[in-house]
Amino acid sequence: EWRGRLSKDERAALNDVIDGKGKASVTVTPEQAMQYAVDHSFERYSVISEKRLKAEALKQGVGSSVLPDEVARLAGHTDIINRDIDGQRMVTTKGVLHEELEMLKFAREGRGASKPFGLNNEDWIRDLNEEQRQAAWQILSSRDRVTGVIGAAGTGKTRMMKDTIAAIERDDPKAGRQVFVFAPSAQASRGVLRNEGFRNAETLERLLVDERLQSQVKGQVLWCDEAGMVSNRDMRRLFDVAKKQDCRVVLSGDYNQHSGVRAGDAFRLLESEAGVKYAGLKTIRRQQASDYRNAVKEISDGTPGGAIKGFDQLDKMGAITEAVGADRHKLLVSDYLKAVDERKSAL
């Protein structure tokens, strides 16, 4: 199975070593090793330590006589930006920085550039609780091209989202305004959101690559849920579409709960560096029992101390079951079958 994963060149290189020739048939130059390190490292991180970048290049150059001093020289290349932070040299690239600045520029230039979504549509948000209503109203009255809401799990974000979208779409029926809903993953978009009633929810990537869909959203509103999972690159691509198609953007999510796999922390950066004003939902409503709700609130704060307090609370409530071996398997199977019978998520 391992051999089946190798390319033809990789298999030849491995066979050369096995046959005692002592080195791979494919050699890696210091430049290639460093380029691989840059491509690999900055795919998932915007900033890393210089040590880590050098280490990645040296790993790629094993067997090809790539030396530490050669890697050190290349780490100072003109495309790489470095700064000393708290006694450690950190690096990024001009490409990463440019992408981040372009994303922030769109949000900054869009502040105060639009009309409110609607100031006469309070009827559509009347059934929300006070916190949800305030969040919805902040979005509806926003004059910014990019706005949004931060809501932890269980705070009623989905309910607020539904009523806010209804208010946006029905404020001026003659205008034919539509809100198109997206999320970074297929599970979040075609799974969770569609199950919650957003029938046309799609993946963000679909919007970013589908030119026909892009033409359909022209002049409309793009709502991206789970925005904490969107990378800098994808947020910039979303803004490129919004700019080209003259769309407004609403972001919702929680950067303490989710973060993207790819490089960047776009949702947080838009608030801290571009001045995007997010509405906030903080009161957890999903858990009805107060002890359980308090435990979840502690954990959702995103700090180590909060996690410890939260799990200690769950432990005191008897909400955590410890089991080993066959007992554990029996419990898992029993809970799974019970969930299936009740048509609930086994997760």
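Just so we're clear, the structure is a prediction, and the values are computed from it rather than from any experiment. Starting from 1, each residue takes its place in the sequence as its number.
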Starting from the C-alpha separation in whole Å, work towards a yes-or-no answer on salt bridge (charged side-chain N to carboxylate O under 4.0 Å, His left out) for Lys243 and Asp240. CA-CA 5 Å; Lys243 184 175 183 179; Asp240 285 349; over 6 Å; no
Go through it in stages, so that I can follow the logic: the residues are Leu314 and Ile299, the test is side-chain contact (heavy atoms from CB on, under 4.5 Å), and I'd like the CA-CA distance, side-chain angles, deciding distance and then a yes or no. CA-CA 10 Å; Leu314 291 173; Ile299 294 169; 4.0 Å; yes
Verify side-chain contact (heavy atoms from CB on, under 4.5 Å) between Ile165 and Trp223, making sure each step is shown before the conclusion. CA-CA 9 Å; Ile165 288 175; Trp223 190 307; 3.7 Å; yes
Before giving the answer on side chain to side chain donor-acceptor pair (under 3.5 Å), spell out for Asn232 and Glu99 the whole-Å C-alpha distance, their side-chain angles and the decisive distance to 0.1 Å. CA-CA 7 Å; Asn232 285 356; Glu99 206 156 58; over 6 Å; no
Test side chain to side chain donor-acceptor pair (under 3.5 Å) applied to Glu130 and Gln134, step by step: CA-CA 6 Å; Glu130 182 61 27; Gln134 287 181 4; 2.9 Å; yes
Asp234 vs Ser231, test: side-chain contact (heavy atoms from CB on, under 4.5 Å). Steps then yes/no. CA-CA 5 Å; Asp234 288 346; Ser231 67; 3.6 Å; yes
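The 12-atom threshold is exceeded at CG of Asp312, counting heavy atoms of other residues, nucleotides or ligands nearer than 6.0 Å. The local environment of CD in Glu211 is sparse, with at most 12 non-hydrogen atoms from other residues, nucleotides or ligands closer than 6.0 Å.
Using a 4.0 Å cut-off between a side-chain N of Lys or Arg and a carboxylate O of Asp or Glu, Glu56 and Arg52 do not qualify as a salt bridge. Between Arg177 and Glu169 there is no salt bridge, since no side-chain N of the basic residue sits under 4.0 Å from a carboxylate O of the acidic one. Salt-bridge annotation for Arg237 and Glu205: present, with a side-chain N of the basic residue lying under 4.0 Å from a carboxylate O of the acidic one. Taking the charged nitrogens against the carboxylate oxygens, Glu102 and Arg236 have no contact shorter than 4.0 Å, which rules out a salt bridge. By the 4.0 Å N-to-carboxylate-O rule, Lys157 lies close enough to Asp225 to be salt-bridged with it.
Residues passing the ring pair (Phe, Tyr, Trp, His ring centres under 6.0 Å) test with His329: none are found, sequence neighbours excluded. In this structure, the ring pair (Phe, Tyr, Trp, His ring centres under 6.0 Å) partners of Phe106, at least two apart in sequence or on a different chain, are Phe239. In this structure Tyr336 satisfies the ring pair (Phe, Tyr, Trp, His ring centres under 6.0 Å) test with no other residue, sequence neighbours excluded. Qualifying ring pair (Phe, Tyr, Trp, His ring centres under 6.0 Å) partners for Phe267, counting only residues two or more places apart in sequence or in other chains: Tyr255, Tyr278.
For the pair Cys247 and Arg145, the tightest heavy-atom approach, listed with the atom from each and the gap, is O-NE, 3.2 Å. The shortest non-hydrogen separation linking Ser49 to Gln88 is CB-OE1, 3.3 Å. Across every non-hydrogen atom of Ala274 and Arg111, the tightest pair is O-NH1, 3.4 Å. Across all non-hydrogen atoms, the minimal contact from Val28 to Ala33 is CG1-N, 3.7 Å.
Identified under the salt bridge (Lys or Arg N to Asp or Glu O under 4.0 Å) test for residues 318-341, with sequence neighbours left out: none. The salt bridge (Lys or Arg N to Asp or Glu O under 4.0 Å) contacts involving residues 65-85 comprise Asp84-Arg89, where partners must be two or more places apart or lie in separate chains.
Gln245 contributes no side-chain N or O that, together with a main-chain N or O of Ala242, makes up a donor-acceptor pair within less than 3.5 Å.
Cluster annotation: Met90 and Phe42 are assigned to distinct hydrophobic clusters (Ile/Leu/Val/Met/Phe/Trp/Tyr, side-chain heavy-atom contacts under 4.5 Å, transitive). No chain of hydrophobic side-chain contacts below 4.5 Å, direct or via other Ile, Leu, Val, Met, Phe, Trp or Tyr residues, connects Met235 to Val47.
Atom-to-atom distance recorded for Lys54:NZ and Met34:CE is 8.0 Å, nearest 0.5 angstrom.
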